[in-house]
Enquirer: 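For reference, the structure I am asking about is given below.
Counting begins at 1 with the first residue of the sequence.
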Amino acid sequence: MISVIIPTYKSPDNLDLCLRSAIEGQQNKNQIIVVVDGFYELNKEVLEKWAEHIDVLNMEENVGLCRGTNLGVYNARYDKILIVNDDNVFPLNWDVELLKDFTPNSVISPNQIEPTPSMFKQFHIKDCGRDPKTFNLENYWKYEEPLRGLFPDETGSTLPIFMNKYDYLRVGGWDENYELGMVADWDFFLKCSISGLKMIRTYNCHFYHFASISTNGEKRQQAEQTGHEYAKYKWGSYIYHHPETNQKFIL
């Protein structure tokens, strides 16, 4: 069994599709934790719609993506955790497929499908839809299944992440000092690598990603730059990204 942590802010349409795909696409009855980072009333209708299948962690106020995610992990019932953003769509039988490649001392990144070209060369590019309101889940499931079958490789270091809860806590989880969570994922992957965890990518299933439709704009760009500067302060160097392996490293 898996504990899924889904942080959400103010994107109820994204959240609705994300939850539908997670719930209807699972084979087992996994724990699904929705971390509501403020704006509960905005998300209330969606949360009530899926109430029978989810645990809700209501922050009551905006505490930030990193703190919200950490608190979600603390509330995980199972030792295997999956962290997924609300602008992702789950593939069919996602839980069974992820468990096939689970190994101790690793961080597993299921591959993603995105509608536009990505900096991550392993991602599959296919426009299956850019609007959660009109996205056809069944068509996406039919498209995704034939893509499966490549052997896992060590080009992980992208979200979503599937790993042991203990390993997440051992490396300190998300650093809560990153604004809007920008660069916190690079920081996290760097800590995992330094700790000796293998960064694995599985192609047994592919999550669809709407490519940050909920966090675009000038505020995002400013937060990303602030994040890079904080990383330099913390590590003594900017965090760099290897374009082929996705490894995060410092000089």
Side-chain angles (χ1 to χ4, degrees), residues 2 4-27 30 32-37 39 42-50 53-54 65 69 82-98 108-150 155-156 158-162 180-182 185 201-221 224 246:
I2 300 170
V4 182
I5 295 91
I6 304 175
T8 194
Y9 184 42
K10 44 182 180 178
S11 303
D13 292 335
N14 286 3
L15 179 62
D16 186 36
L17 177 59
C18 182
L19 289 177
R20 180 191 167 197
S21 63
I23 293 163
E24 295 182 3
Q26 65 184 348
Q27 284 199 24
N30 301 283
I32 299 175
I33 303 172
V34 180
V35 183
V36 185
D37 190 18
F39 298 93
L42 182 64
N43 294 287
K44 183 178 180 181
E45 183 177 348
V46 174
L47 297 171
E48 290 180 345
K49 176 180 178 180
W50 302 106
H53 306 279
I54 63 176
L65 174 68
T69 302
L82 173 65
I83 298 174
V84 182
N85 289 327
D86 65 3
D87 59 353
N88 275 120
V89 183
F90 287 68
L92 190 63
N93 302 324
W94 57 269
D95 51 348
V96 174
E97 296 302 324
L98 285 177
I108 298 174
S109 297
N111 206 35
Q112 293 199 93
I113 300 173
E114 288 193 343
T116 56
S118 171
M119 67 179 288
F120 303 111
K121 297 183 178 181
Q122 296 78 17
F123 284 11
H124 182 86
I125 306 304
K126 171 67 175 179
D127 190 348
C128 296
R130 305 192 187 191
D131 181 353
K133 287 186 175 181
T134 59
F135 188 87
N136 189 307
L137 181 59
E138 289 74 16
N139 285 349
Y140 156 64
W141 280 346
K142 290 177 183 177
Y143 179 82
E144 186 274 335
E145 281 195 281
L147 300 178
R148 302 175 182 181
L150 293 177
T155 64
T158 61
L159 288 161
I161 53 173
F162 179 49
L180 297 184
M182 296 291 102
D185 53 345
R201 178 170 305 279
T202 178
Y203 302 90
N204 273 336
C205 61
H206 301 68
F207 282 64
Y208 193 77
H209 184 224
F210 286 108
S212 301
I213 60 176
S214 62
T215 54
N216 283 330
E218 184 177 348
K219 187 176 181 180
R220 173 189 170 89
Q221 294 175 355
E224 186 170 3
N246 298 328

Enquirer: Short question: side chain of Asn111, backbone of Gln122 - any donor-acceptor pair under 3.5 Å?
Expert: yes
Enquirer: Does atom CD of Glu45 have more than 12 heavy-atom neighbours from other groups under 6.0 Å away?
Expert: no
Enquirer: Does some side-chain heavy atom of Thr202 sit less than 4.5 Å from a side-chain heavy atom of Phe162?
Expert: no
Enquirer: Enter the distance from Phe210:CZ to Asp131:CG here, rounded to the nearest 0.5 Å.
Expert: 7.5 Å
Enquirer: Do the two ring centres, one from His209 and one from Phe120, sit under 6.0 Å apart?
Expert: no
Enquirer: Between Arg130 and Thr116, do the side chains contain an N or O donor and an N or O acceptor separated by less than 3.5 Å?
Expert: no
Enquirer: Return the minimal non-hydrogen interatomic distance between Trp141 and Pro91, and the atom names on each side.
Expert: NE1-C, 3.4 Å
Enquirer: Hey, does His53 have a side-chain heavy atom less than 4.5 Å from the side chain of Ile32?
Expert: no
Enquirer: Determine the sole option in Phe90, Phe123, Phe135 for which the ring-ring contact (aromatic ring centres under 6.0 Å, His included) test with Tyr208 is passed.
Expert: Phe135
Enquirer: Hey, could you give me the CG/OG distance between Asp16 and Ser11, rounded to the nearest 0.5 Å?
Expert: 12.0 Å
Enquirer: Any side-chain donor-acceptor pair under 3.5 Å between Gln27 and Asn93?
Expert: yes
Enquirer: Please report the interatomic distance CE(Met182) to CG(Leu65), rounded to the nearest 0.5 Å.
Expert: 7.5 Å
Enquirer: Looking only at atom types and distance, does a side-chain atom of Glu144 sit under 3.5 Å from a main-chain N or O of His206, one as donor and one as acceptor?
Expert: yes
Enquirer: Could you tell me which residues satisfy salt bridge (Lys or Arg N to Asp or Glu O under 4.0 Å) with Glu97, sequence neighbours excluded, listed by chain and number?
Expert: Lys100, Arg148
Enquirer: Atom NZ of Lys126 and atom OH of Tyr140: how far apart are they, to the nearest 0.5 Å?
Expert: 13.5 Å
Enquirer: Looking only at non-hydrogen atoms, find the nearest pair between Leu98 and Cys205 and report the distance.
Expert: CD2-SG, 3.9 Å
Enquirer: Side chains of Ile6 and Cys18, heavy atoms from C-beta outward: is any pair under 4.5 Å?
Expert: yes
Enquirer: Give, for atom CD1 of Ile113 and atom CG of Leu147, the distance between the pair rounded to the nearest 0.5 Å.
Expert: 5.0 Å
Enquirer: Can you tell me if Asn30 uses its side chain to pair, donor with acceptor, with the backbone of Ile2 under 3.5 Å?
Expert: yes
Enquirer: Roughly how far, to the nearest 0.5 Å, is the OG atom of Ser118 from the CD1 atom of Ile125?
Expert: 5.5 Å
Enquirer: Closest approach of Pro132 and Asp13, non-hydrogen atoms and distance?
Expert: CB-O, 3.8 Å
Enquirer: So which of Ile5, Val46, Ile54, Val4 actually passes side-chain contact (heavy atoms from CB on, under 4.5 Å) with Val34?
Expert: Ile54
Enquirer: Of Leu42, Asn43, Asp87, which meets side-chain contact (heavy atoms from CB on, under 4.5 Å) against Leu15?
Expert: Asn43
Enquirer: Do you see a donor-acceptor pair shorter than 3.5 Å between the side chains of Asn88 and Gln112?
Expert: yes
Enquirer: Can you check whether Thr158's main-chain N or O pairs, donor with acceptor, with Ser109's side chain at less than 3.5 Å?
Expert: yes
Enquirer: Thr8: what forms a side chain to side chain donor-acceptor pair (under 3.5 Å) with it, not counting sequence neighbours?
Expert: Asp86
